[in-house]
Amino acid sequence: MINCELFTCDAATKKLYEKAKKERIDTVWDRALAMQPQCGFGEMGLCCTNCSMGPCRIVKVSDDGPKAGICGATEDTIASRNFARAVAAGSAAHSDHGRDIALALYHATGKIRVKDEEKLFKIAGEWGIAVEGKDASRIAREVAEKALSEFGKIFGKLLFLKRAPHKRQNLWDELGVAPEAIDREIVEVLHSTHMGSDADYRNIIRQAIRAALSDGWGGSMIGTELSDVLFGTPVPRKVEANLGVLKKECVNIVVHGHEPTLSEAIVMAARDPELLELAKKQGAEGINVVGMCCTGNEIAMRHGIPMAGDFFQQELAIVTGAVEAMIVDVQCIMPSLATVAKCYHTKLITTSPKAKVPGAIHMEFDEQKGLDIAKRIVKEAVMNFKNRKGEVYIPDVKSEGEIGYSLEAIIKILDRVTNSFAHPSGTVKPLVDAIKSGVLRGAVAIVGCNNHKQPHNSCHVTLAKELLRRDILVVTTGCGAHSCIKAGLMSKEARKYCGKGLATVCELLDIPPVLHMGSCVDISRILVLLSEVANYMGVDISDLPVAAAAPEWMSEKAQSIGLYAVASGIYVVLGVSPAVTGSENVTNYLTKDLESVLGGRFEIEKDPVKAAEKIAVHIENKRKRLGI
Ligand code: NFS
Ligand code: SF4
């Protein structure tokens with residue numbers, strides 16, 4: 001058995017890992033151990049399977065062995081192609097999510113009232129859709145259509161690029177990286193990295209940048225914005241977090257995955273009086289819906305639904321023995337869930353035609369019949385309550401935090417301190433003032449997943465604390481947000497970790513020092529916030545005293561996010577290295593040369609304390625250059 005003290009800092013995780021071991025359940029950590037040693041070729045990005053003459057691998061550790069693939073592809077070509085394909089897959093995942101939200105909006109028009117009409121009108125305005133004489137439903141349909149056309153339009157650039165500072169837009173144009181249509185950028189990566197196409201690593205990365213930008217400023221932004229229109233823009237609220245939010249006496253439903261279309265319907269269905277009645281008949285006190293991973297973030301932000309756990313806690317949720325159903329859609333769903341669920345009474349229910357898991361029950365979700373299907377799914381869970389077997393153990397570990405900091409919410413908070421005589425409300429001025437005065441040194445986004453190559457949660461949390469004490473504000477999304485709320489960093493008490501300046505800012509604005517901005521697609525909110533700040537200051541994003549970090553990342557989506565952040569001018573510190581280190585050229589290009597081209601670059605730093613030091617140096621340098 002592995003000593004869990006070493007691999008996680010989270011108390012609930014430790015307790016449930018012990019239960020898992022007692023019950024002979026294999027978890028992600030056990031499989032990671034069994035996988036050692038991991039393949040060095042793969043780890044360095046030096047294995048190519050792009051054609052059936054391969055697999056080919058480049059030997060770096062000794063002078064013997066092949067230095068090129070059978071077709072002659074070099075380590076630079078192979079490593080950059082692998083990286084670009086990962087970025088394209090990540091961009092595809094985010095963007096296809098965005099498309100599904102746009103489709104949901106399209107089909108919802110005329111049937112339901114959108115929740116945020118103000119945002120709908122704003123987007124219509126930005127996109128040149130005339131609103132006079134039209135009702136919200138018609139505008140919603142036109143906005144949805146226009147969003148859908150972003151994926152395959154024939155000419156022109158992505159509409160949301162206009163949100164970036166002018167300097168950034170011009171730079172993208174000059175470099176030829178301004179994306180045109182989302183699907184096309186992803187297809188072009190696949191084409192140009194096909195055997196015998198692009199062999200120039202710089203050019204391969206250039207195309208990867210286009211695909212990544214079409215994620216951040218395209219698919220993800222569409223996903224976020226249209227989710228807000230449909231389901232409401234998040235506002236600050238309190239939620240509980242960690243596996244202790246499961247309730248022994250209730251029917252527990254864990255919603256896990258990414259697309260709010262499913263989770264919103266499940267949340268509604270679980271409030272159905274008939275189903276509540278049925279739950280009582282089964283001997284339960286009620287129905288307890290909780291969220292996991294990014295879906296957890298989405299429904300916490302919009303409904304205050306408890307955040308049950310992050311990526312590495314998904315198996316452990318089932319190990320409690322208290323989960324009647326785990327309902328999943330797409331992305332970050334471990335196939336192992338089916339195996340774990342078999343050992344308990346838990347029903348694993350897949351809902352997307354894009355993500356079926358052998359051993360799970362498939363109940364396909366269809367937005368147009370959303371609530372009906374959701375009710376059927378919830379009923380499955382309710383009827384499963386009586387089938388609990390073995391020991392039910394819910395660790396008494398949970399914390400509370402304030403979440404829901406959409407850009408709109410942040411601006412509203414800033415308005416509280418804006419002097420309305422001298423300055424109009426609705427701007428980021430107070431934030432800029434705090435940065436300029438030096439009370440706040442800068443801001444950092446801590447995002448991303450969990451990865452067994454890093455101690456679970458502790459890298460996110462250590463990094464956040466190290467930044468807070470240096471008066472650097474932290475914003476977070478995804479599983480990083482789960483880590484931070486579990487560690488209590490989203491509560492007012494977390495001010496004790498802050499330097500004097502940041503503590504004062506938090507007190508004045510009445511906010512926690514770590515702001516939860518949503519799911520991973522919601523990193524687009526951070527891009528818009530940075531653009532607003534840069535525009536207000538009359539500079540580019542790359543001039544701002546900011547940075548991003550993904551200390552425990554693992555997914556292809558995270559690689560796309562990292563690259564679009566770099567291409568937006570941001571310094572991005574990764575705790576786990578992408579699989580490119582076999583090529584010195586590609587590694588140098590991503591971690592050094594890109595800075596002179598785009599103003600942003602990657603940094604690989606495993607140690608969160610050192611990462612914080614590097615970020616602080618970066619931020620102080622940016623301040624110096626701005627003369628503040
Ligand atoms: Ni982001 Fe969400 Fe978590 Fe990583 Fe997965 S849930 S989209 S990819 S693991 S943060
Ligand atoms: Fe090998 Fe070239 Fe085929 Fe890759 S594309 S598998 S390097 S022959």
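Counting convention: from 1, in listed order, for ligands and their atoms alike.
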Begin from the C-alpha positions of Val340 and Gln314 and carry the test side chain to side chain contact (heavy atoms under 4.5 Å, CB included) through to its verdict. CA-CA 10 Å; Val340 181; Gln314 53 186 295; over 6 Å; no
Yes or no on side chain to side chain donor-acceptor pair (under 3.5 Å) for Gln38 and Lys453, after CA distance, side-chain angles and deciding distance?
-> CA-CA 11 Å; Gln38 286 180 269; Lys453 294 177 182 172; 4.6 Å; no
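In this pair, Phe7 and Trp29 present their aromatic rings parallel. The plane angle is below 30°, not in the 30 to 60° band.
Not counting sequence neighbours, the partners of Lys347 by the side chain to side chain contact (heavy atoms under 4.5 Å, CB included) test are Ile349, Ile361, Glu380, Asn384.
Residue His362 qualifies as enclosed at atom NE2: its count of foreign heavy atoms under 6.0 Å is above 12. Atom CD of Glu584 has 12 or fewer heavy atoms from other residues, nucleotides or ligands within 6.0 Å. Around atom CZ of Arg57, no more than 12 heavy atoms belonging to other residues, nucleotides or ligands sit under 6.0 Å away.
With salt bridges taken as basic N to acidic carboxylate O contacts below 4.0 Å, none links Glu400 and Lys398.
Within the listing of ligand 2, atoms 4 (Fe), 5 (S) sit less than 4.0 angstrom from a heavy atom of Arg81.
For Arg57, the closest heavy-atom approach to ligand 2 does not fall below 4.0 Å.
The single protein non-hydrogen atom nearest to atom 2 (Fe) of ligand 1 is His258 NE2, 2.3 Å, given as residue, atom name and distance.
Counting only residues at least two apart or in different chains, salt bridge (Lys or Arg N to Asp or Glu O under 4.0 Å) contacts with residues 204-229 comprise Lys119-Glu225, Lys119-Asp228, Arg163-Glu225, Glu180-Arg210, Glu185-Arg210, Asp228-Arg302, Asp228-Arg525.
Residues Asp310 and Asn457 have side chains that bring a donor and an acceptor to within less than 3.5 angstrom of each other.
Near-neighbour remark for atom 4 (Fe) of ligand 1: protein N, O or S atoms under 2.8 Å are Cys449 SG; waters not counted.
Of all protein N/O/S atoms, those lying under 2.8 Å from atom 4 (Fe) of ligand 2 come to 1.
Closest approach of Thr261 and Phe365 over heavy atoms only: O-CZ, 3.6 Å.
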